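In what follows, a structure is listed as structure tokens, so that the remarks can point back to it.
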Amino acid sequence: MGRVPTKQQKNNRSKDGGDGTQEKQKPSLKGAERSAYFARREAAKVLRVVLQGDANRRALASIKSLIYKPSVRNKKATFALICQTLKHLPIIKDVLEASSILNTKWKRQQELVYIIVYDILFGQAVAVAGDAEKYLMRHKNALQSTLKQLLLRRNVKNVEQLIALNQLPDVSLPRYVRVNTLKLDVDSALLELKEKYSVEKDDLLPDLLILPPGTDLHDHPLVNNGSIFMQGKASSMVAPALNPEPGWEVIDACAAPGNKTVHLAALMKRKGRIIACELNKQRIKRLKETIKLSGASSIL
């Protein structure tokens, strides 16, 4: 007769590792190691969604909106880890392909592998904690050696030059600002901005102004008091496309951070009602701040 497993033995069996894969009982870690361990798994889940969207040529969600889900605990670290992994992803893929270290099991967990390989090659020291970390750390020398060979093959001196080879040419886009007509008329905003910047009206949207690429307005008084909003042209086209009339009742089903919501209020001239909906508590706070800054009074 077989032995009955103890409670401790049951607890040590494989459990979900937090990234959709089966992994052994989460290791007992403290401080920075624990934070890094969970950040990698949270980042892997977000990265999977981002890469799926890229593969289908359709963004499923922005990285920030995915990061702000309640399940993501260390949002700042996870966001930085995803952005850096994406920045180095072409190199990571080349290194993994050339080193031939991945078997079928780890290829099915490629997002977590990408995150950990980023940390091994370019990021922080990797604690030998989860199964994926243990496996990839055993191949650390092979990964580092392959990266050196890649630098030689591409005839570059460092990783920064290698990243530059994989980047598209820089395309400078103009800075767009939308005049909040609840507080200021377009011509007055134009005159005030012209005192310091080259600025002109957009030929499509009457409340949108165009400034040179890279214009920094974050501390400008008109931004600070809500007279103008730094808002891209695509975002500024949403409310006019609806063409709301004063007195309408409008539902904004995904309102935060609120730029389109207050744009609706401006087009409706404070007449009517806008019901702004948002599930995420942190984004609700940002939405309320935007509404208060705009001076809109018809938003619930």
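It should be emphasised that the depicted structure is a prediction, and the values quoted were computed from it without experimental measurement. Here, residue 1 is the first one in the sequence, and each next residue gets the next number.
Residues Tyr118 and Leu162 share a single hydrophobic cluster, defined by chaining ILVMFWY side chains whose heavy atoms lie under 4.5 Å apart. Linking ILVMFWY residues whenever their side-chain heavy atoms come closer than 4.5 Å, directly or via other members, places Val50 and Phe79 in the same cluster. Phe122 and Leu86 fall within a single hydrophobic cluster, where Ile, Leu, Val, Met, Phe, Trp and Tyr are joined by side-chain heavy atoms under 4.5 Å apart, directly or via other members. One hydrophobic cluster, built from ILVMFWY side chains closer than 4.5 Å, cannot hold both Trp248 and Leu182; they sit in different ones. When the side chains of ILVMFWY residues are joined at heavy-atom separations under 4.5 Å, either directly or via intervening members, Leu96 and Val159 end up in a single hydrophobic cluster.
Between Ile101 and Leu143 the shortest heavy-atom distance is CD1-CD2, 3.7 Å. Minimum heavy-atom separation, Ile274 to Ala265: CD1-N, 3.4 Å. Between Leu287 and Ala276, the closest heavy-atom pair is CD2-CB, 4.0 Å.
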>> Checking Arg175 against Ile210 for the side-chain contact (heavy atoms from CB on, under 4.5 Å) test, could you report, in this order, the C-alpha distance in whole Å, the side-chain angles of both residues, the deciding distance, and whether it holds?
In response: CA-CA 6 Å; Arg175 164 71 72 187; Ile210 309 172; over 6 Å; no
>> Applying side-chain contact (heavy atoms from CB on, under 4.5 Å) to Thr181 and Asp185, what does each step give before you reach the verdict?
In response: CA-CA 5 Å; Thr181 54; Asp185 65 88; over 6 Å; no
> Going through the checks in order, is the side-chain contact (heavy atoms from CB on, under 4.5 Å) test met by Asn180 and Ser227?
Replying inline: CA-CA 5 Å; Asn180 176 19; Ser227 295; 5.6 Å; no
> Are Ile91 and Ile163 close enough, and set up right, to give a side-chain contact (heavy atoms from CB on, under 4.5 Å), and what steps lead you there?
Replying inline: CA-CA 7 Å; Ile91 300 172; Ile163 292 173; 3.6 Å; yes
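The CD1 atom of Ile82 lies 9.0 Å from the CD atom of Glu42; values are rounded to the nearest 0.5 Å. The distance from the CD1 atom of Ile299 to the OG atom of Ser294 is 5.5 Å, given to the nearest 0.5 Å. Expressed to the nearest 0.5 Å, how far CD of Gln149 lies from OG of Ser99 amounts to 10.0 Å. With rounding to the nearest 0.5 angstrom, the CG atom of Asp119 is 11.0 Å from the NE2 atom of His88. Between Glu160 atom CD and Leu165 atom CG the span is 12.0 Å, to the nearest 0.5 Å. Of the inter-residue distances, the one linking Asn259 atom CG with Leu264 atom CG reads 11.0 Å to the nearest 0.5 angstrom.
Considering only residues two or more places apart in sequence or on other chains, Tyr135 meets the ring-ring contact (aromatic ring centres under 6.0 Å, His included) condition with Trp106, His139. For Arg286, there are no salt bridge (charged side-chain N to carboxylate O under 4.0 Å, His left out) partners, not counting sequence neighbours. Remark: His220 pairs with no residue by the ring-ring contact (aromatic ring centres under 6.0 Å, His included) rule, at least two apart or across chains.
Residues Tyr37 and Glu133 meet the side-chain proximity criterion, which asks for heavy atoms closer than 4.5 Å. By the 4.5 Å heavy-atom criterion applied to side chains, Lys87 and Gln84 are counted as neighbours. Here the side chains of Pro213 and Leu173 are not in contact, with every heavy-atom distance at 4.5 Å or above. The side-chain heavy atoms of Lys260 and Ser235, taken from C-beta on, include a pair separated by under 4.5 Å. Side-chain atoms of Leu150 and Thr146, non-hydrogen and from C-beta on, never get closer than 4.5 Å to each other. At a threshold of 4.5 Å between non-hydrogen side-chain atoms, the residues Gln231 and Tyr176 do not count as touching. Using a 4.5 Å heavy-atom cutoff, the side chains of Met268 and Ser298 are not in contact. Here the side chains of Phe229 and Leu293 are in contact, with some heavy-atom distance below 4.5 Å.
The salt bridge (charged side-chain N to carboxylate O under 4.0 Å, His left out) with Glu111 is formed by just one residue from the set Arg40, Arg48, Lys45, Arg41; it is Arg48.
Counting only N and O atoms by type, the side chains of Asp207 and His263 include a donor and acceptor under 3.5 Å apart. Side-chain polar atoms of Asp252 and Thr261 form a donor-acceptor pair below 3.5 angstrom.
Counting non-hydrogen atoms of neighbouring residues, nucleotides and ligands closer than 6.0 angstrom, the CG atom of Asp219 reaches no more than 12 such neighbours. Other residues, nucleotides and ligands contribute only 12 or fewer heavy atoms inside 6.0 Å of the CD atom of Glu97. More than 12 non-hydrogen atoms from other residues, nucleotides or ligands lie less than 6.0 angstrom from NZ of Lys233. Shown here is Asn155, whose CG atom has no more than 12 heavy atoms of other residues, nucleotides or ligands within 6.0 Å.
If you chain together ILVMFWY residues whose side-chain heavy atoms come under 4.5 Å of each other, Leu209 ends up grouped with Val177, Val179, Leu184, Val186, Leu190, Leu193, Tyr197, Val199, Leu211, Leu217, Leu222, Val223, Ile228, Met230. When hydrophobic residues (I, L, V, M, F, W, Y) are linked wherever their side-chain heavy atoms come within less than 4.5 Å, the members clustered with Ile275 are Ile251.
At distances below 3.5 Å, not a single donor-acceptor pair connects side-chain atoms of Arg273 with backbone N or O atoms of Glu249. For the pair Asp202 (side chain) and Leu208 (backbone), a donor-acceptor distance under 3.5 Å is absent. In this structure a side-chain-to-backbone donor-acceptor pair under 3.5 Å is present from Asp216 to His218.
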Listed pairs under 3.5 Å, donor-acceptor, residues 236-247 side chains, sequence neighbours left out:
unit_1: Ser236; atom_1: OG; unit_2: Gly232; atom_2: O; d: 2.9

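With respect to Asp187 and Lys194, no salt bridge is recorded, no charged nitrogen being found less than 4.0 Å from a carboxylate O.
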